[in-house]
Amino acid sequence: MKHFKIESIRPRIALERIVATVAALCLATALCACAGSAAKSSASKISVSKAMGETYQAALEAAHDKAADAKLLAIRSSSYSSEDAPSQWMYLFYSLDRAYAYTVFVSDGQATAADSGPMSISPQDFDAIPDASAITIDADDAWNTIVESMDGNGEICTARIFLMTYVKGDEDPTHDAMKWFFSLNESDNLTSLFDNGQNKPDNAPARLFAVDCANTSVEELDAGELAAE
């Protein structure tokens, strides 16, 4: 009888240990998933608006008031985007006829064009600059694609965004062109967002992503490369 009791208890003890081990593993997995989603969760709160569509059309009309042959060279957010600050856009255009560049700021649907200055682009390169219709993925969709692929424990607080249709000075001016670049948590932007460091996250690393307009592929780059330029 004594022997029977011992043998009856052992399976119960083993079962309890298995249950406890499985519970611990599930808890660890849940904690890892929670930690791994910190970047995605914070990034999803950042508001990135469309840069093309009506906003771009307003900019294009303003540029053509300056020069009828003006082509789009670049798009950039005029300030960083954050949870409470949707992106506002500025556009750089170039006129081959006038060998001159123009900057157009668009805010709340209103476009304001300004002279940027003389600039030299060869006729061959000018002809090779793609039409804006080749930007098949807009900034907001590109950002959503990045957020879906985001991992890591660091908080994402700010995003500065730009795209170039042409990169003057590159051996291949199309190498970094037609890609949305998202520079996250730049130090100056974090300083502006968190006055005196109040409520600033302990872990907010600088990160740099690119989304290719041709195939919507996402690539994370070395954020230090941008700082070195």
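Contact record, Cys157 with Leu190: CB-CD2, 3.8 Å, taken as the closest heavy-atom pair. Contact record, Ala62 with Val104: CB-CG1, 4.0 Å, taken as the closest heavy-atom pair. Minimum heavy-atom separation, Glu155 to Asn185: O-ND2, 2.8 Å. Ile129 and Thr165 get closest at one heavy-atom pair: CG2-OG1, 3.6 Å. Residue Ser87 comes nearest to Ser81 through the heavy atom pair CB-OG, 2.9 Å, listed as atom of the first residue, atom of the second, then distance. The shortest non-hydrogen separation linking Tyr94 to Ala99 is OH-CA, 3.3 Å.
When the side chains of ILVMFWY residues are joined at heavy-atom separations under 4.5 Å, either directly or via intervening members, Met178 and Trp89 end up in a single hydrophobic cluster. Cluster membership for Phe182 and Met52, using ILVMFWY side-chain heavy atoms within less than 4.5 angstrom, is shared. Hydrophobic clustering (side-chain heavy atoms under 4.5 Å, transitive across Ile, Leu, Val, Met, Phe, Trp, Tyr) keeps Leu60 apart from Phe105. The same ILVMFWY cluster, assembled from side-chain heavy atoms under 4.5 Å apart, contains both Ile46 and Leu163. Cluster annotation: Tyr100 and Leu92 are assigned to distinct hydrophobic clusters (Ile/Leu/Val/Met/Phe/Trp/Tyr, side-chain heavy-atom contacts under 4.5 Å, transitive).
Ser217 and Asn215 share a side-chain donor-acceptor pair at under 3.5 Å. Glu148 and Thr145 form no side-chain donor-acceptor contact under 3.5 Å, judged by distance and modelled atom types alone. Side-chain atoms of Asp115 and Tyr102 form no donor-acceptor pair, as typed in the model, at a separation below 3.5 Å. A donor-acceptor contact closer than 3.5 angstrom links the side chains of Asp131 and Ser133.
Remark: Ile137 CD1 to Lys179 NZ distance equals 13.5 Å, nearest 0.5 Å. Atom CD of Glu186 sits about 10.5 Å away from atom OG of Ser192, to the nearest 0.5 Å. The line from CE of Met164 to CD1 of Ile75 is 11.0 Å long, rounded to the nearest 0.5 Å. Distance check, rounded to the nearest 0.5 Å: CE of Met119 to OG of Ser95 gives 12.0 Å. Here the NZ-CE distance, from Lys40 to Met150, works out to 9.0 Å after rounding to the nearest 0.5 Å.
Classification of Asp69 and Arg98 as a salt-bridged pair fails, no side-chain N sitting under 4.0 Å from a carboxylate O.
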* Test side-chain contact (heavy atoms from CB on, under 4.5 Å) applied to Leu184 and Thr158, step by step -> CA-CA 6 Å; Leu184 311 180; Thr158 66; 5.9 Å; no
* For Tyr91 and Thr55, run side-chain contact (heavy atoms from CB on, under 4.5 Å): C-alpha distance rounded to whole Å, both residues' side-chain angles, the deciding distance at 0.1 Å, then the answer. => CA-CA 10 Å; Tyr91 303 80; Thr55 305; 3.1 Å; yes
* Asked: How far apart are the C-alpha atoms of Trp180 and Asp138, what are their side-chain angles, what is the distance that settles it, and do they pass the side-chain contact (heavy atoms from CB on, under 4.5 Å) test?
  -> CA-CA 9 Å; Trp180 287 107; Asp138 209 335; 4.1 Å; yes
* **Stepwise side-chain contact (heavy atoms from CB on, under 4.5 Å) check, Leu73 with Ile121** => CA-CA 11 Å; Leu73 290 185; Ile121 294 178; 4.0 Å; yes
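For the pair Leu72 and Tyr56, the minimum side-chain heavy-atom distance is below 4.5 Å. Counting heavy atoms from C-beta outward, Asp212 and Glu219 have side chains that stay 4.5 Å or more apart. Side-chain contact between Pro205 and Asn203 is present, with heavy atoms from C-beta onward closer than 4.5 Å. Here the side chains of Ser183 and Tyr80 are not in contact, with every heavy-atom distance at 4.5 Å or above. The closest side-chain heavy-atom distance from Thr112 to Val106 is not below 4.5 Å.
Between the side chain of Ser77 and the backbone N or O of Arg160 there is no donor-acceptor pair closer than 3.5 Å. Checked by atom type and distance alone, the side chain of Ser41 never pairs as donor or acceptor with a backbone atom of Ala38 at under 3.5 Å.
Ring pair Phe162/Phe181: centre-to-centre distance below 6.0 Å.
For the pair Lys71 and Phe93, the NZ or CZ position fails the cation-pi test of under 6.0 Å to the six-membered ring centre and within 45 degrees of the ring normal.
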